[in-house]
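When a residue number appears, it is its place in the shown sequence, counting from 1. The structure displayed is predicted, hence computed values, not measured ones. The basis for the numbers below is simple: all heavy atoms, side chains too, and nothing from hydrogens, waters or symmetry mates.
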Amino acid sequence: QSIESLLLSISDASDFFSDIAIGTIKHPNWGDTIAAVFCGRSKKNLDSWINKNIAAAYRPRHFIRVAEIPRSSLGKIDRKAVQSIIDRYF
């Protein structure tokens, strides 16, 4: 199961976001760090909610709020576009 599916399946997830996509931030010394691109009201309280609901190894450490998650014409998350958004911020 993907991290996105796991996050979206939690019953009160809609209180924090309506859609989410996961990518990584590359670091030469620390390795990859999980980052989330999400649609929602704000990041406020999102960190503590994720800490309560997601195992540490799967938790995004950074969050970027966007108006819309990039998707392909088939409706699947456009991973390259999501990674481009993350790369622009970090």
For this session: Only counting residues at least two apart or in another chain, list the ones meeting salt bridge (charged side-chain N to carboxylate O under 4.0 Å, His left out) with D12.
Result: none

Exercise. Applying the 4.5 Å side-chain criterion to the ILVMFWY set and letting contacts propagate, would F16 and F38 be lumped into a single cluster?
Worked result: yes

Exercise. Does some side-chain heavy atom of K26 sit less than 4.5 Å from a side-chain heavy atom of D32?
Worked result: yes

Exercise. Relative to each other, are the rings of F90 and H62 parallel, tilted or perpendicular (30° and 60° limits)?
Worked result: tilted

Problem set entry | T24 vs I86 side-chain heavy atoms within contact, under 4.5 Å | no

Problem set entry | In one Ile/Leu/Val/Met/Phe/Trp/Tyr side-chain cluster, 4.5 Å: I69, I20 | no

Exercise. Do V66 and C39 touch side chain to side chain, with heavy atoms closer than 4.5 Å?
Worked result: yes

Exercise. Does one hydrophobic cluster hold both I22 and F63, with members joined at side-chain heavy-atom distances below 4.5 Å?
Worked result: yes

Problem set entry | Listed partners of R59 passing side chain to side chain contact (heavy atoms under 4.5 Å, CB included), at least two apart | I50, N51, I54, A56, R61

Seminar exercise, completed: Closest non-hydrogen atoms of L8 and F17, given as atom of the first, atom of the second and distance, are CD2-CE1, 3.6 Å

For this session: Would you give the length of the straight line joining atom CD1 of I34 to atom CD1 of I3, rounded to the nearest 0.5 angstrom?
Result: 4.0 Å

Exercise. Roughly how far, to the nearest 0.5 Å, is the OG atom of S5 from the CD1 atom of I10?
Worked result: 11.0 Å

Exercise. Between R79 and E4, is there a side-chain N and carboxylate O pair less than 4.0 Å apart?
Worked result: yes

Seminar exercise, completed: Taken in chain and number order and not counting sequence neighbours, the residues that satisfy salt bridge (charged side-chain N to carboxylate O under 4.0 Å, His left out) with D47 are K43

Problem set entry | CG on L7 to CH2 on W49, rounded to 0.5 Å | 5.5 Å

For this session: Group every Ile, Leu, Val, Met, Phe, Trp and Tyr by side-chain heavy-atom contacts under 4.5 Å, then state whether L46 and L6 land in the same group.
Result: yes

For this session: Establish whether V37 and I77 are linked, either directly or via other cluster members, by ILVMFWY side-chain heavy-atom contacts under 4.5 Å.
Result: yes

